[in-house]
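Chain naming here is simple, since letters A, B, ... match the order of the sequence lines and numbering starts at 1 in each. Because the structure is predicted, anything quoted here is derived from the model rather than measured. The figures here come from the full heavy-atom set of this structure, side chains too, leaving out hydrogens, waters and symmetry mates.
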Amino acid sequence: MDNPLKKYIRFATSLHLFSGLPLTKVFYYLCAFTNDRNKMEYNFSDIEQKWQSFWSSHKTFKVEADSSLPKFYVLDMFPYPSGAGLHVGHPLGYIASDIYTRYKRLKGYNVLHPMGYDAFGLPAEQYAIQTGQPPQKTTSQNIKRYREQLDKLGFSYDWDREIRTCDPSYYKWTQWAFLKMFHHWYDMELDKACPIETLIDAFNTHGNTRIKAAHNCKEEFGASEWKAFSDKEKEDILMSYRIAYIGETTVNWCAALGTVLANDEVREGFSIRGDYPVVQKKMKQWQLRVSAYAERLLKGLEDITWSDSLKEMQRNWIGKSEGAQMEFMVKNGSETFSMSVFTTRADTIFGVTFMVLAPESEWVNLLTAPEQKEEVEKYVAYVKTKTERERMSQTHHVTGVFSGSYATNPFTGKEIPVWISEYVMAGYGTGAIMAVPAHDSRDYIFARHFKLPIIPLIEGCDISSESFDAKEGIMCNSGFLDGMTVQEAIPAAIEEVEKRKLGVRTTNYRLRDAIFSRQRYWGEPFPIYYRDGMATPLPESQLPLELPPLDSFHPSSSGEPPLANAKNWTYGEYPLETSTMPGFAGSSAYYLRYMDPHNSRELVSRDSNNYWQDVDLYIGGTEHATGHLIYSRFWNKFLFDLGIVCKEEPFRKLVNQGMIQGRSNFVYRIKNTNTFVSLGLKENYKTTELHVDVNLVENDRLNLEAFRQWNPEYKDARFILENGEYICGWTVEKMSKSMFNVVNPDVICQRYGADTLRMYEMFLGPLEQSKPWDTNGIDGVHRFLKKFWRLFFDKNGELAVTNNPPVEKELKILHNLIRKVEDDIESFSFNTTISAFMIGVNQLTDLDCHKRGILEPFVILISPYAPHIAEELWSLLGNKPSVANAAFPVFNQEFIKELIFEYPVSFNGKLRFKKTLDINMNKDEIERLVREDERTIKYSGGEKIRKIIVVPEKIINIVI
RNA sequence: GCUCGGGUGGUGGAAUAGGUAGACACGCAGGACUUAAAAUCCUGUGGACAGUAAUGUCCGUACGGGUUCGAUUCCCGUCCCGAGCACCA
């Protein structure tokens with residue numbers, strides 16, 4: 001057994017052997033040392049354990065809706081509990097949100113600060129396929145580990161509200177929302193989701209010709225036709241109007257994962273999870289009609305406090321562009337077709353010299369002339385063989401084929417050829433374009449390559465080597481548009497198009513409907529069964545439809561999703577849907593469920609929702625900008641349309657914490673030897689750079705013994721040292737196991753304590769900035785906490801706080817700090833607060849200040865940052881029950897006067913003098929004061945003076 | 001290519017309604033206490049030059065211009081780094 005006493009004796013013995021001192025003397029020194037330590041040292045591990053169990057047993061952070069208190073909702077993006085556990089980068093945002101939460105509580109708010117787990121997902125399933133371990137089991141193990149790690153950091157979550165997306169009582173409401181979407185359609189006139197019954201009524205009276213709806217229905221029909229349709233036909237038509245619908249679409253199919261993926265789960269033709277190739281494939285899939293909300297998703301960005309870059313990312317993703325949809329008559333031999341294109345540059349119509357179709361476009365078959373058939377088919381086949389990545393990487397590789405048919409330019413009347421090329425995408429606009437080579441770089445390159453005519457439309461533009469894409473200049477060669485600026489010509493052209501009935505003004509969005517089914521096991525089952533091949537919703541009373549246990553998580557032998565293997569996966573005699581929902585399903589409304597997590601009758605009760613309303617502060621990474629944060633906003637808007645939630649936007653303010661990168665260390669092995677040379681001397685040798693585990697390195701000094709034991713290969717390693725030490729090189733890289741630079745928060749907690757870790761993570765730099773983790777600086781923060789602790793004790797280790805009234809100097813330190821802490825937290829500058837604390841402690845130490853009137857408020861100020869030490873000191877000062885229930889100290893204006901006195905008035909940047917200025921001074925008094933110095937001033941008026949700037953002959957500015 | 005951020009000591013970073021640049025911390029150097037170590041505390045620390053010294057002078061916020069009594073901050077141009085988007089018609 002390795003108890004502390006044995007360790008202690010072993011340590012003393014080795015000291016005795018090492019130093020040659022008598023054993024008795026060794027014990028004497030050790031005793032003196034440890035006694036001293038026990039008495040007054042800051043014992044963080046005892047303190048932190050004590051208060052963490054206090055908080056948990058007293059449910060200190062439990063909150064209830066209370067209409068007598070103002071509410072505040074602080075939310076973290078809940079984690080996916082991976083098998084690797086947390087590294088030091090994960091808690092950054094959690095620490096920031098916890099500081100804000102604790103601050104808001106001190107300010108008298110009733111703060112909702114919950115936590116949970118985004119527990120469905122691919123990694124657990126992949127692990128299950130490899131090992132046969134059910135995802136239920138590994139997920140709950142991972143959650144347990146996450147919880148242990150989170151608890152050590154002293155977060156003030158209300159754990160009674162914990163949710164897990166894989167819990168049936170939670171995903172009941174994910175399924176419920178899906179059913180609601182199935183039962184609704186989007187009315188473009190009312191601009192909201194409406195019950196499907198209203199659509200059926202409308203079909204019964206007018207058919208679908210008069211209805212403005214978001215849909216993908218291909219037919220038009222009148223009321224009598226509708227009534228004559230069979231049930232199956234009716235159901236197929238309704239399906240093309242539902243907000244949750246099955247539709248055939250080109251999907252991202254990942255063969256390696258055996259599932260379809262959403263656009264945000266794919267990057268450059270490869271899956272984000274696993275980096276497997278993804279191909280485009282037409283499939284019937286469940287989809288959510290997110291595109292119906294495109295305009296509202298865009299508009300809603302105006303009223304929320306998110307960073308500009310994040311809003312910009314969402315705007316790009318939604319990709320609104322305004323222009324016109326125009327009809328071109330196309331002749332293929334004797335047949336004539338009307339083909340529509342979308343353009344934002346209707347003004348360039350006179351420069352259209354050819355048209356281009358996407359190879360996948362439905363027009364290709366109709367418009368291919370018999371004599372070109374062979375060539376077109378060859379080309380289309382060639383395009384199909386290219387992967388998505390190849391098509392993207394070869395952007396300037398021009399390919400294409402002439403279709404053999406000609407369109408007519410409706411304005412010039414000229415015949416123009418129709419081409420087919422991969423540079424036009426089937427998925428955007430109509431899959432066909434009018435090409436204006438003079439003013440679009442892609443059209444220009446194409447025209448040059450195939451020697452098609454180029455007509456310049458802007459006076460004086462140079463198109464000899466490239467197109468003129470800018471929307472500026474005076475129009476020419478453009479008939480009635482000649483002489484206008486481009487900005488005038490665009491609306492004028494659209495107007496003319498509409499007048500001549502050649503097309504209509506249109507807005508196009510890049511945002512596409514979200515593909516909502518995944519052919520995998522570890523997700524929410526769809527509450528859908530198939531009757532005679534028709535997708536039919538389960539009644540709400542059947543929810544939740546629980547995920548059945550499985551023995552094998554592979555796809556079935558016939559290529560069906562894993563759920564096809566489940567026994568009795570039927571509703572009565574009818575088969576249930578075998579796909580499951582994607583990862584974003586469970587995370588789309590979790591912030592609502594936290595408001596009322598135990599409600600078994602509703603997603604969230606009206607009362608709870610009315611009280612908590614929306615998330616006031618949401619902290620998380622930018623990686624969710626185009627995924628979760630779009631889907632959540634969509635989901636919330638849908639629920640808003642149904643009157644289930646009272647706010648249209650779910651996240652009022654959003655802060656993106658930066659990434660914490662790893663700081664890797666290197667050692668330098670001399671080639672073909674087992675000798676390592678220190679950084680400063682490596683130029684003298686031929687060396688190989690090797691990553692070394694950062695846990696064996698301190699302040700870039702290698703622990704030689706630990707290094708030898710790290711890997712058997714290095715057992716006999718020799719070192720060339722500089723000044724007796726081995727200095728390692730370093731660089732900043734992603735934090736990952738393979739770079740040996742992962743720092744586990746548990747290790748830091750054990751060594752320095754959670755309070756030090758929390759403060760250090762904040763001290764590292766601005767919250768929103770990415771920065772490397774560098775353990776080197778942590779001693780400074782730890783030293784500060786020790787100093788802070790010592791402030792409360794005298795030299796004998798006795799609590800030394802007195803009730804003497806503080807003097808003005810001490811009050812100034814305090815009130816300066818109050819203002820600083822308040823300003824910094826409100827502006828999320830948590831890093832600079834730590835400096836202010838350090839200065840404050842140093843000043844109080846110099847003054848030997850032991851006064852309760854100063855120290856007690858100081859404890860409150862520091863408690864959001866270092867809650868454990870604050871609780872301990874708070875209770876030592878005789879307060880009950882918890883500093884979390886204290887009130888934030890009030891900043892006293894009186895001491896601002898003192899600050900003014902201190903601020904030097906500079907003269908010519910060199911001479912300095914101090915002037916006594918009073919906050920109550922008015923303009924005349926200041927003028928008189930300065931006139932005595934024979935200088936003139938300008939004064940713009942105001943209430944308080946902060947500083948006064950003087951230069952030769954005049955005062956330039958008085959800052960108020 | 002387009003959009004948005006950002007370039008400050010050996011290091012992380014302070015300071016922007018223009019006003020003592022480098023707070024605070026790390027590291028480094030020196031010192032105190034100690035038989036010793038640990039811990040703790042104190043001093044110095046952007047660069048160059050001058051002086052025995054206190055101190056003084058000049059140069060310094062990526063680079064080049066501009067506005068201003070005064071610019072790290074505002075404006076124009078250039079370079080570099082990071083993030084996002086990328087045949088979006």
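Within 4.0 Å of Asp774(A), counting heavy atoms only, lies no atom of the nucleic acid at all. Residue Asn508(A) is out of contact with every strand shown, counting any heavy-atom pair closer than 4.0 Å. Base contact: Ile433(A) has a heavy atom under 4.0 Å from a base atom. Counting non-hydrogen atoms under 4.0 angstrom, Pro766(A) reaches the backbone sugars and phosphates but no base. The residue Asn656(A) sits apart from the nucleic acid: no heavy atom pair falls under 4.0 Å.
Where RNA chain B pairs in unbroken runs of 3 or more (Watson-Crick or G-U, both distances under 3.5 Å), the stems are B:1-7 with B:79-85, B:10-12 with B:24-26, B:27-32 with B:40-45, B:46-50 with B:55-59, B:62-66 with B:74-78.
Picking from G27(B), A86(B), C24(B) the nucleotide with the shortest atom distance to the side chain of Asp779(A) gives G27(B). Considering only side-chain atoms of Thr344(A), the nucleotide from A14(B), G27(B), A89(B) that sits closest is A89(B). Comparing A39(B), G13(B), C26(B) by their nearest atom to the side chain of Lys786(A) picks out A39(B). Listed candidates were C4(B), A89(B), G27(B). Nearest to the side chain of Ser309(A) is C4(B). Candidate nucleotides C28(B), U40(B), C26(B) were compared by shortest atom distance to the side chain of Arg701(A), and C28(B) ranks first. Considering only the side chain of Glu422(A), C87(B) comes nearest among C24(B), U40(B), C87(B). Closest approach to the Phe763(A) side chain among G84(B), A89(B), G12(B) is made by G12(B) (side chain taken as heavy atoms from C-beta onward). Of the candidates G13(B), G27(B), C88(B), C88(B) carries the atom nearest the Met425(A) side chain, counting heavy atoms from C-beta on. Distance from the side chain of Arg790(A) is smallest for C41(B) among the nucleotides G84(B), A89(B), C41(B).
Mapping Tyr428(A) and Asn842(A) onto RNA chain B by nearest heavy atom places Asn842(A) at the nucleotide closer to the 5' end. Nucleotides of RNA chain B nearest to Met838(A) and Arg442(A) differ in position, and the one nearer the 5' end is that of Met838(A).
At the phosphate of A83(B), neither OP1 nor OP2 sits under 4.0 Å from any side-chain N or O atom of Gln769(A). A close approach under 4.0 Å does occur between a side-chain nitrogen or oxygen of Arg510(A) and OP1 or OP2 of A86(B). The side chain of Ser321(A) places an N or O atom within less than 4.0 Å of a non-bridging phosphate oxygen (OP1 or OP2) of A89(B).
Note that CE of Met339(A) and CE of Met434(A) are 11.5 Å apart. Values are rounded to the nearest 0.5 Å. Atom NE2 in His439(A) sits 7.0 Å away from atom CZ in Arg345(A) (nearest 0.5 Å).
Rounded to the nearest Å, the gap between the C1' atom of U11(B) and that of G5(B) is 23 Å.
A distance below 6.0 Å separates the ring centres of Phe788(A) and Phe858(A). Note: Tyr444(A) and Phe446(A) fail the aromatic proximity criterion, with ring centroids not under 6.0 Å apart. Ring centroids of Tyr752(A) and Phe44(A) are separated by 6.0 Å or more, keeping the two rings apart.
Ring-plane geometry between His624(A) and His628(A) is classed as perpendicular, the angle between the planes exceeding 60 degrees on a 0 to 90 degree scale with a lower cut at 30.
With its glycosidic angle more than 90° from 0, G13(B) is assigned anti.
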Can you name the atoms? Protein N/O to nucleotides 42-46 of chain B N/O, anything below 3.5 Å, with the distance.
none

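With hydrogens and angles ignored, the 3.5 Å screen pairs a side-chain donor or acceptor of Ser770(A) with a backbone N or O of Met659(A).
In summary, the side chains of Thr756(A) and His782(A) do present a donor paired with an acceptor at a separation below 3.5 Å, with no hydrogens or angles considered.
Partner of Trp773(A) under the side-chain contact (heavy atoms from CB on, under 4.5 Å) criterion, out of Val694(A), Ile748(A), Leu92(A), Asn741(A): Ile748(A) alone.
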Using side-chain hydrogen bond (donor to acceptor under 3.5 Å, both in side chains), reason through Ser441(A) and Asp469(A) one step at a time and then give a plain yes or no. CA-CA 7 Å; Ser441(A) 49; Asp469(A) 290 10; 3.3 Å; yes
